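This one's a predicted model, so the numbers in the text were calculated from it and none came from an experiment.
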Amino acid sequence: MQDQRPKSILREFLDGEAAGGIILMVAAALALIVANSPLAATYFAVLHAYLGPLSVSHWINDGLMAVFFLLVGLEIKREVLDGQLSTWPRRVLPGIAAAGGMLVPALVYVAINRDNQAALSGWAIPTATDIAFALGVLSLLGSRVPASLKVFLTALAIIDDLGAVIIIALFYTSGLSLAYLAAAFAVIAVLVVLNRLRVMNLIPYLVLGVVLWVLVLKSGVHATLAGVALALTIPLERSPGIGHDAEHSPLHRLEHGLHKLVPFIVIPIFGFANAGVSLGGLSAAALVEPLTLGVAAGLVLGKLVGVFGSSAIAIRLGLADLPVNAGWLHMLGISLLCGIGFTMSLFIGLLAFASDVTLQDAVKVGILAGSLIAALLGAAILLMAPAGGEAEEDLG
């Protein structure tokens, strides 16, 4: 008999879509508070302390984040093969919007930093969207936002994550060790064989996944990409229809197992470890430094123009339709929410300026400022938009 007892307030919160984003916001706020308090020295000392071969910071950014990328890879595979991105008509609008939402922010960043050679390697920082943060803000707005917009934003963010993974692999990899890389490909080959043999036990995949992570870490390719590679080899049973048993396939089981771990533990720890930046001596002039301004403007202006502009062009050309019950004001608000680039933007910023803490701090300020502005503006516009079926359907 199903348990009919009412859920506790805590349980309801943890089961809600907004929970992961809210916890991430709290973690980021705590990091800023601690980094600007008497505990700052302890905070930074702990992050730089070594546990075995890696510092605490590296264990978080290379180890824990590999679990995040594993979940990202699982979501990408499921959505493409058996979800919101499984057919071309479903892929068109979020695909075009994601492409515009990556290209334009990068161009905005490069335009602002064209005379700052040291900063140009950070061009990819404002291209990413933080799905947990964005969905958290969207969910807090409740029923005013059509459900189709959540589907659109999720699909866009999945494609955005795929783009970020490709960018990291192509542009933020250096000092390759061919021997370790060859060994990593050999492990991937074994994982593919297990998939083809339809081995449904997750244990062999996870054990080989740990071996793959070590090899990728030593190869010079960023270790988190091992999580994506592992995810793509996990078997997925395609859904034959309503009432299917596909949720029992290895991919669904692993994704379900990570569903609470990543948003409630992995990402908050990453946010707390990386959002801490000392604001002492921060002036208005520092906020308009090319690097900081490029990141913030890329997230707010770049995402707005890129996502909204490319979506409008696609819809006007008849390549796609507006999401159901959504109007242009809704699309404007969603485009701004895409400028919340917290997690992936921080991650790319750490890769782009791995050896320069000063530039990392400038990036963090830009990400925090840009993400906050994008969240507030996006939420304000969505609150002004017509509810549900009242949305307007025409441009102009």
To the nearest 0.5 Å, tell me how far [X] [atom1] sits from [Y] [atom2].
X: His256; Y: His252; atom1: NE2; atom2: NE2; result: 11.5 Å
X: Ile265; Y: Lys260; atom1: CD1; atom2: NZ; result: 11.5 Å
X: Asn61; Y: Asn274; atom1: CG; atom2: CG; result: 4.5 Å
X: Phe185; Y: Leu215; atom1: CZ; atom2: CG; result: 11.5 Å

Lys364 side chain to Val277 backbone, donor-acceptor under 3.5 Å: no
Polar side-chain atom of Thr127 near backbone of Met102 as donor-acceptor pair, under 3.5 Å: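 Answer holds: no.
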Summary of salt bridge (Lys or Arg N to Asp or Glu O under 4.0 Å) pairs that have at least one residue in residues 301-310, sequence neighbours excluded: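 Sorted pair list: Asp160-Lys303.
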Sequence neighbours excluded - salt bridge (Lys or Arg N to Asp or Glu O under 4.0 Å) pairs with any residue from residues 57-73: none
Close side-chain approach of Asp130 to Met344, heavy-atom, < 4.5 Å: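 Not touching, per the 4.5 Å side-chain cut-off.
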Considering only distance and modelled atom types, tabulate donor-acceptor pairs under 3.5 Å from the side chains of residues 41-50, sequence neighbours left out.
unit_1, atom_1, unit_2, atom_2, d
Tyr43, OH, Phe272, O, 2.5
Tyr43, OH, Ala273, O, 3.4
Tyr43, OH, Gly276, N, 3.4
His48, ND1, Phe44, O, 2.7

Test side chain to side chain donor-acceptor pair (under 3.5 Å) applied to Thr233 and Asn195, step by step: CA-CA 6 Å; Thr233 67; Asn195 181 296; 5.9 Å; no
Please output the side-chain donor-acceptor pairs of residues 345-352 that fall under 3.5 Å, not counting sequence neighbours, one pair per line with the distance.
unit_1, atom_1, unit_2, atom_2, d
Ser345, OG, Ile125, O, 2.7
Ser345, OG, Gly341, O, 2.5

Within 6.0 Å of CG in Leu51, more than 12 heavy atoms from elsewhere: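 Yes, enclosed.
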Phe353: partners by ring pair (Phe, Tyr, Trp, His ring centres under 6.0 Å), with sequence neighbours left out: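 Here no residue qualifies.
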Residues forming a side-chain contact (heavy atoms from CB on, under 4.5 Å) with Leu170, sequence neighbours excluded: Ile166
